[in-house]
Structure formats: structure tokens, C-alpha cells
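Keep in mind the model is a prediction, meaning the values are calculated, not measured. Basis for what follows: all heavy atoms, side chains included, without hydrogens, waters or symmetry-related copies.
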Amino acid sequence: MGVVIRTAGEDDRDLVVRLLDEAFQDDPVSSWVFPGEEYRRRTHHRLMAAFADAVFADGRIDLTEDGAACALWLTVPADEHTAAEDVPAQIREAVDPENERVEAIARLTDGIHPTGRAHEYLWMIGVLPGRQGEGLGTALIESVLDRCDRERLPAYLEASSARGKALYERLGFEFTGRALDLPDGPRMWPMWREPQTR
């Protein structure tokens with residue numbers, strides 16, 4: 001039987017935030033933004049909540065029916081303009097005002113995000129640690145990539161681990177050639193996928 005996927009609603013917010021918090025506790029980038037296990041366990045969920053709220057407002061969150069995995073998607077227009085407000089600074093203020101890395105990660109990823117072509121942006125995808133390896137993440141991504149292929153729309157993401165990069169390559173994403181090395185931290189791989197003919 002296939003994976004049942006639905007669009008998350010506002011009443012799923014707490015579930016989505018808990019899921020993302022658990023899924024990314026040991027992620028290399030989350031560990032860089034929130035160094036120290038105790039600090040991360042105490043604070044990390046606030047960043048996941050900020051991300052979820054941003055996508056609930058401007059994008060779509062796909063959720064497996066059993067609540068074990070979710071994907072945060074934004075549709076980025078070709079003429080994406082820079083907002084007047086300083087979003088990275090606002091996120092830092094809301095999440096952890098003393099932590100410069102909360103703002104830095106937003107600025108760094110904004111700086112490498114492709115412009116000039118409309119695309120689907122997979123901001124985050126999280127699978128509960130005990131459910132990883134079951135194909136839930138692949139099912140969530142493929143449902144959107146099928147639509148991208150039908151509509152001739154590219155897709156973009158930043159892989160935060162070598163394991164994730166390998167998965168995305170199997171799904172047709174290619175490394176853009178310009179890695180993002182976080183200061184004194186891990187590497188991220190921006191990845192782009194042209195629509196494919198099946």
C-alpha cells in the first residue's frame with residue numbers, strides 16, 4: 001500500500017513543529033546553528049516553528065497521514081523580489097536573539113538561492129528518526145516532482161547532509177557546483193532539478 005499524503009492545515013501546526021524538531025535534532029546544520037545538545041533540545045523547536053509558520057503563510061506543507069513525515073514547499077516566482085523587511089533578523093529576534101547563527105543561516109541560504117526562473121523550493125523535509133529509511137521522504141518529494149514534470153517546472157533545495165544529497169541525486173537533482181560551507185561548520189549542497197520527461 002502506498003504512502004497517504006495530505007496537505008497540513010493550521011490545526012496540524014504543533015504536530016509539524018514536533019516532527020521537524022525531532023527529525024532535525026541531529027542534523028549537521030541544526031547542530032551548527034544550536035551547538036550543544038542541551039541548548040539545541042531547549043531552543044531548536046522555536047526555529048522549526050518559525051519555519052513552519054512561514055510556510056503555512058506562503059507555501060504548502062505536505063504531511064503523511066500517519067504524521068511521521070512532512071515536507072515544506074514554497075513556490076518561488078521568476079521575479080522574486082526582495083522584501084522590504086529584514087526577515088533573517090526578524091527570525092533571529094523571534095527564535096533566539098543572542099544567537100547570530102539563526103540569522104546567518106537565513107542570510108547564507110538566501111545568498112545562494114537561484115533567481116530568474118520560477119521553481120518549487122523544498123525548504124525542509126523531515127522524517128521521524130524511527131521511521132527513516134521507509135521511503136516516506138521519497139514519497140513526499142515524488143508527489144511534487146510529478147507535478148513539476150507535468151507543469152515543466154524546476155525544483156530546488158539545499159541538502160544538509162551527504163546522505164540527503166545522495167537521495168536527492170536519485171530523484172534527479174544535481175549539485176549546482178557551488179557548495180555553501182558554513183563558517184566553522186558543515187557543508188550544504190544547493191541542488192537543482194530540471195523537469196523531466198517520463
Side-chain angles (χ1 to χ4, degrees), residues 1-8 15-16 19-33 48 51-52 54-55 59-76 78 80 105 108-182 185-198:
M1 190 156 112
V3 177
V4 178
I5 298 168
R6 64 179 177 84
T7 301
L15 169 65
V16 167
L19 194 166
L20 293 172
D21 186 38
E22 275 191 60
F24 284 92
Q25 274 293 319
D26 297 322
D27 178 76
V29 174
S30 288
S31 297
W32 177 80
V33 174
M48 299 300 103
F51 289 168
V55 178
R60 189 184 74 257
I61 299 178
D62 290 337
L63 181 67
T64 58
E65 190 59 45
D66 63 3
C70 68
L72 282 61
W73 291 94
L74 293 171
T75 300
V76 179
E80 178 76 357
I105 191 68
L108 290 166
T109 55
D110 280 353
I112 60 168
H113 197 117
T115 58
R117 281 184 73 191
H119 59 276
E120 286 293 318
Y121 175 34
L122 178 57
W123 189 347
M124 300 184 81
I125 184 164
V127 180
L128 290 175
R131 300 290 305 277
Q132 293 174 5
E134 296 180 18
L136 301 177
T138 299
L140 282 167
I141 297 170
E142 283 182 334
S143 70
V144 173
L145 294 183
D146 287 345
R147 181 175 56 80
C148 286
D149 292 343
R150 285 192 308 274
E151 296 176 7
R152 310 303 300 153
L153 194 64
Y156 172 76
L157 57 82
E158 297 108 7
S160 61
S161 69
R163 180 180 175 212
K165 179 178 178 281
L167 165 67
Y168 303 133
E169 287 171 340
R170 288 195 301 275
L171 295 172
F173 286 87
E174 295 180 1
F175 172 48
T176 63
R178 180 179 167 210
L180 172 58
D181 290 310
L182 300 176
R187 171 169 283 190
M188 296 178 73
W189 294 270
M191 304 186 77
W192 183 265
R193 181 186 183 273
E194 289 292 338
Q196 299 178 6
T197 304
R198 298 189 183 226

Ala179: partners by side chain to side chain contact (heavy atoms under 4.5 Å, CB included), with sequence neighbours left out | Phe175, Arg187

Tyr121 and His119 aromatic ring geometry - parallel, tilted or perpendicular at 30°/60° bounds = perpendicular

Side chains of Ile105 and Val29: does their closest heavy-atom pair fall under 4.5 Å?
-> yes

Closest non-hydrogen atoms of Ile5 and Ala139, given as atom of the first, atom of the second and distance, are CD1-O, 3.5 Å

Given side chains that start at C-beta, do those of Leu72 and Leu74 come closer than 4.5 Å, heavy atoms only?
-> no

Check side-chain hydrogen bond (donor to acceptor under 3.5 Å, both in side chains) between Ser160 and all other residues, then give those that pass, not counting sequence neighbours.
-> Asp27

Considering non-hydrogen atoms only, spot the tightest contact between Trp32 and Gly185 and give its length.
-> CD1-CA, 3.4 Å

For the pair Leu157 and Ile141, evaluate side-chain contact (heavy atoms from CB on, under 4.5 Å) and give the outcome as yes or no after the intermediate values.
-> CA-CA 11 Å; Leu157 57 82; Ile141 297 170; 5.6 Å; no

Compare all side-chain heavy atoms of Pro195 with those of Leu153 and state whether any distance is below 4.5 angstrom.
-> no

If you look at every heavy atom in Gly137 and Ile125, which pair is closest and at what distance?
-> O-CD1, 3.4 Å

What is the distance from atom OG1 of Thr138 to atom CG of Leu167, rounded to the nearest 0.5 Å?
-> 4.5 Å

Contact check, side chains of Trp73 and Leu140, non-hydrogen atoms, under 4.5 Å = no

side-chain hydrogen bond (donor to acceptor under 3.5 Å, both in side chains) partners for Ser30, two or more places apart = His44

Non-hydrogen atoms of Gln196 and Arg152 that approach each other most closely | O-NH1, 3.5 Å

Just jot down the side-chain hydrogen bond (donor to acceptor under 3.5 Å, both in side chains) partners of Thr109, sequence neighbours excluded, or say none.
-> none

Where at least one partner belongs to residues 117-133, residue pairs that pass salt bridge (charged side-chain N to carboxylate O under 4.0 Å, His left out), sequence neighbours excluded = Asp66-Arg131, Arg117-Glu194, Glu120-Arg147, Arg131-Glu134

At their closest point, which heavy atom of Ile61 faces which heavy atom of Ala52, and how far apart are they?
-> CD1-O, 3.9 Å

Here the gap from Arg6 atom CZ to Cys70 atom SG, rounded to the nearest 0.5 Å, amounts to 11.0 Å

Min side-chain heavy-atom separation Leu108-Met188 under 4.5 Å = no

Would you give the length of the straight line joining atom CG of Asp149 to atom OG1 of Thr197, rounded to the nearest 0.5 angstrom?
-> 7.5 Å

Which pairs, with at least one residue in residues 167-180 and sequence neighbours excluded, count as a side-chain hydrogen bond (donor to acceptor under 3.5 Å, both in side chains)?
-> Lys165-Glu169

Which distance, rounded to the nearest 0.5 Å, do you find between the CE of Met48 and the CD of Glu22?
-> 13.0 Å

Considering only heavy atoms from C-beta outward, does the side chain of Asp62 approach that of Thr7 to under 4.5 Å?
-> yes

Where do Met124 and Phe24 come nearest, in terms of heavy atoms and distance?
-> CE-CE1, 3.5 Å

Find the distance between CG (Leu136) and OG1 (Thr64) and round it off to the nearest 0.5 Å.
-> 5.5 Å

Mind checking the CG-CG spacing from Leu20 to Leu15? Nearest 0.5 Å is all I need.
-> 9.0 Å

